[in-house]
Amino acid sequence: MASWCAARCFRIPAMNFGDLGRRASFAAGKGGAPMAGALWRSKSSAPFACLSISTDTSIKEAVQTEKAPAALGPYSQAIKANNLLFVSGVLGLVPETGKFLSDNVEDQTEQLLKNMGEILKSGGASYRSVVKTTILLADLKDFKKVNEIYAKYFPSPAPARSTYQVAALPLDAKIEIECIAAL
């Protein structure tokens with residue numbers, strides 16, 4: 001089963017697993033039969049879904065919305081691939097002006113999460129479907145303030161999360177958050 005999945009996902013040429021089973025049974029004697037049987041897929045069974053990630057670029061789709069600030073460089077606001085939405089780092093810029101409301105972390109966090117919500121919506125996701133976030137802070141002392149605002153946006157169970165203090169953020173932002181959502 002795992003071999004068939006790997007062959008299908010990584011485009012390895014197909015093999016006749018029935019022959020493999022007979023060869024393994026013959027070579028290993030009766031003790032090899034259970035192992036060979038595990039590799040063999042009956043013609044009557046439904047194909048198994050492949051759970052690995054494809055590298056086929058035709059399944060990669062850029063997500064863009066004017067309701068959130070444009071990317072500041074050669075990257076997409078988000079990318080859809082393999083039933084996941086990968087949202088690039090989002091800043092607390094006001095989309096219409098491209099500026100921060102203020103220099104405080106609370107205002108930037110609130111605006112950032114509104115921006116992220118628009119990107120998620122544009123990609124067919126929501127805060128509820130976010131499975132992982134990464135928070136980058138200019139000052140880790142802002143952790144508690146950010147948590148209070150963050151908790152209003154992400155329902156239970158909250159996504160997995162990492163938080164780091166970094167030396168600097170684009171445009172001297174106080175906070176940046178990226179996320180991954182299931183579609």
Side-chain angles (χ1 to χ4, degrees), residues 5-6 9-11 49-183:
C5 184
C9 293
F10 295 110
R11 295 192 172 93
C50 183
L51 300 177
S52 67
I53 294 179
S54 172
T55 57
D56 184 356
T57 56
S58 67
I59 63 162
K60 185 170 106 172
E61 176 188 339
V63 172
Q64 194 274 329
T65 178
E66 292 183 13
K67 294 181 179 182
L72 298 175
Y75 60 91
S76 300
Q77 288 175 322
I79 291 287
K80 278 185 185 184
N82 294 302
N83 293 322
L84 294 172
L85 180 67
F86 298 85
V87 178
S88 296
V90 180
L91 300 177
L93 300 170
V94 176
E96 297 79 20
T97 66
K99 308 252 186 242
F100 296 113
L101 281 174
S102 75
D103 197 32
N104 77 52
V105 73
E106 294 93 342
D107 289 342
Q108 289 187 25
T109 302
E110 194 76 46
Q111 183 62 50
L112 174 160
L113 289 167
K114 288 177 185 174
N115 295 341
M116 180 177 283
E118 292 297 335
I119 296 168
L120 289 166
K121 186 176 4 172
S122 181
S126 67
Y127 296 111
R128 185 171 300 286
S129 61
V130 173
V131 296
K132 171 73 168 86
T133 61
T134 303
I135 300 176
L136 307 171
L137 289 169
D139 188 347
L140 204 51
K141 291 177 185 160
D142 291 329
F143 187 76
K144 184 177 179 185
K145 296 174 196 172
V146 168
N147 269 342
E148 290 171 8
I149 298 165
Y150 180 96
K152 294 189 303 186
Y153 286 84
F154 293 100
S156 185
R161 185 176 92 179
S162 302
T163 304
Y164 304 98
Q165 177 174 315
V166 295
L169 289 167
L171 304 176
D172 291 324
K174 300 291 183 193
I175 183 170
E176 179 176 359
I177 302 178
E178 65 181 25
C179 71
I180 301 170
L183 296 174

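Only a predicted model underlies this, so the values are computations on that prediction, with no experimental measurement involved.
Once rounded to the nearest 0.5 Å, the distance linking CG of L136 with CD of E178 reads 6.5 Å. With rounding to the nearest 0.5 Å, the separation of CG in L183 from OG in S126 is 10.0 Å. Atom-to-atom distance recorded for Q77:CD and I79:CD1 is 10.5 Å, nearest 0.5 angstrom. Here NZ of K60 is found 11.0 Å from CZ of F86. Values are rounded to the nearest 0.5 Å. Taking CG from D142 and CG from L137, the interatomic distance works out to 6.5 Å, rounded to the nearest 0.5 Å. To the nearest 0.5 Å, atoms CD (E61) and OG (S76) are separated by 10.5 Å.
The two residues A182 and V131 have their closest heavy-atom pair at CB-CG1, 4.2 Å. Residues L140 and Q165 come closest through the heavy atom pair N-OE1, 2.8 Å. Between K174 and N104, the shortest heavy-atom distance links the atoms CG-C, 4.5 Å. Closest approach of E110 and I149 over heavy atoms only: OE1-CG2, 3.4 Å. Among all heavy-atom pairs drawn from Y153 and K114, the shortest one is OH-CG, 3.8 Å. Of all heavy-atom pairs between L120 and A181, the closest is CD2-CB, 3.9 Å.
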Would you please test F143 and I135 for side-chain contact (heavy atoms from CB on, under 4.5 Å) and show each step?
CA-CA 10 Å; F143 187 76; I135 300 176; over 6 Å; no
Assess whether side-chain contact (heavy atoms from CB on, under 4.5 Å) is satisfied between Q108 and D103, documenting all intermediate values.
CA-CA 7 Å; Q108 289 187 25; D103 197 32; 4.2 Å; yes
Check the pair L93, Q111 against side-chain contact (heavy atoms from CB on, under 4.5 Å), reporting the backbone distance first and the verdict last.
CA-CA 7 Å; L93 300 170; Q111 183 62 50; 6.0 Å; no
Might you work through the side-chain contact (heavy atoms from CB on, under 4.5 Å) test for L171 and L72, ending with a clear yes or no?
CA-CA 10 Å; L171 304 176; L72 298 175; 3.9 Å; yes
Which side-chain N or O atoms in residues 63-71 pair as donor and acceptor under 3.5 Å with protein atoms at least two apart or in another chain?
{"from": "T65", "atom 1": "OG1", "to": "K67", "atom 2": "N", "distance (Å)": "3.1"}

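Among residues two or more places apart in sequence or in another chain, the side-chain hydrogen bond (donor to acceptor under 3.5 Å, both in side chains) test is passed with E176 by none. Every residue was checked against the ring-ring contact (aromatic ring centres under 6.0 Å, His included) condition with F100, not counting sequence neighbours, and none meets it. Every side-chain hydrogen bond (donor to acceptor under 3.5 Å, both in side chains) that T134 has, sequence neighbours left out, goes to K132. In terms of the side-chain hydrogen bond (donor to acceptor under 3.5 Å, both in side chains) criterion, residue partners of N147 (sequence neighbours excluded) are, by chain and number, R161. Annotation: salt bridge (Lys or Arg N to Asp or Glu O under 4.0 Å) contacts of K144 (sequence neighbours excluded): none.
A donor-acceptor pair under 3.5 Å is absent between the side-chain atoms of N82 and the main chain of L84, judged by distance alone.
Within 6.0 Å of atom NZ in K152, more than 12 heavy atoms from other residues, nucleotides or ligands are found, so the atom counts as buried in its surroundings.
Inter-residue side-chain proximity for K145 and T109 is flagged as unmet; no heavy-atom pair is nearer than 4.5 Å.
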